[in-house]
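First comes the structure, then the notes that go with it.
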Amino acid sequence: MPFYQRLGDVPRKRHVQFRENGTLLTEEVMGLEGFTGNESILYHLHSPCRVMKLDGFKEIEREEWVPDQHAHRHFKTFDVKPDGDEITGRRVLMWNNDVEISLCRPDQKMDYFFRNGEGDEVIFVHEGTGTLETTFGDVPYKEGDYIVVPRGTTYRFDPVGAQRYLVFETPGLIEIPRRYRNQYGQLVEGAPYYNRDIHPPAELRTVREQGEFEVKVRVRGGYQTYVVDYHPFDVIGWDGYLYPWTFSVHDFEPITGRIHQPPPSHQTFAGQNFVICSFCPRKLDFDPLAVPIPYHHSNLQSEEMIYYVSGNFGSRKGIEVGSVTLHPSGLPHGPHPGLAEKSIGVTETHELAVMCDTFRPLKLSQLAQELDDGHYAYSWYEEPGAGGAQTPDEDPAGLTSHF
Ligand SMILES: [Fe+2]
């Protein structure tokens, strides 16, 4: 999606003969919006339709938790048990028809290939490095990267070290916000990142192995497994606008102002009926009368989910690395008592957090019930007579500044 890329060998023109040792290669157009959207053209050694065996179909089952009360919630996810691989280990925390948000701490290696046939993915790498091996080539990743995987990409993880991800899966498209792009697609001055910050596949390795290879494809609300008799990374070359890429949260250039800037200034990706934002270390509002911590606000038409990545959240009662807060629609939210006063004169924040605002209500899973701290909804409440600054001692630079 970001810009034109080419790896490996492609013929001089599209849709003309392209041979290797006399054998005609198979051309595949992978495209969006019925041949009018972004596309890539890949040249395979084998027909991508070639299937040796149709294996099982496994429906995705979600266990919903419907809480008795509608309230702000805090889920502590850091100690969630490692389980499964990079696909089977995804444990959904909340979801609606537009996006599924999962935690993933894999402790097994994928012995198959995966393709999301019905949605785009953004995998935020909280911990770990490695390579996402794909039909488009190798995509190296590291801690702090967002890995953006368009639907239809066959891939497999090759992780190095312990891994921890926050995963977004959506039936819509993941896009760079329209206002960041000019009419030609280049990222404009003033956008918080530039084309140079986007990392497409680094290297294409054509694998010529024969054998039995499992490809698990997410389709129709489940996983269909196919067995093929050739290694799926059989691409000789490709070009186009559709491919997996990474963007590091550490390359997001925060936009600050004399007075408080609203959350859209932190927007990183646009989804269908949701946004993903990055809250990065930055200087805070510099007007002498500025209140650097946010004003209270009501998300009248959206739900706000925040995942705390790193920084000092000591000032936010009970919030720690891996915490997820959910401020659902219909309720106002804002800083804890006393923090607005304490924030005055604070010049910077060291927090790092990923936020997802959805425009439609989110459902919660039973995992969310397990991780719910049970008392966050009361954290703004002070016993009468307790005074106005009932907050723990804190490093002012750690004030959670985006609520
Ligand atoms: Fe908010």
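When a residue number appears, it is its place in the shown sequence, counting from 1. Each ligand, and each atom within it, is numbered from 1 in the order the structure gives.
Minimum-distance N/O/S atom of Glu304 relative to the Fe ion (ligand 1): OE1. Looking only at N/O/S atoms, His297 comes nearest to the Fe ion (ligand 1) through NE2.
Glu64 meets the side-chain contact (heavy atoms from CB on, under 4.5 Å) test with Val66, Trp95, Lys363; sequence neighbours excluded.
Screening Tyr146, Phe274, Phe168 for a side chain to side chain contact (heavy atoms under 4.5 Å, CB included) involving Ile174 leaves a single residue, Phe274.
Using the six-membered ring where Trp is involved, His126 and Phe124 have ring planes that are tilted, between 30° and 60° apart.
For residue His333, an N/O/S atom approaches the Fe ion (ligand 1) to within less than 2.8 Å. For a distance bound of 2.8 Å, the N, O or S atoms of Asp357 include none lying that close to the Fe ion (ligand 1).
A salt bridge links Glu169 with Arg218; the closest basic N to acidic carboxylate O contact falls under 4.0 Å.
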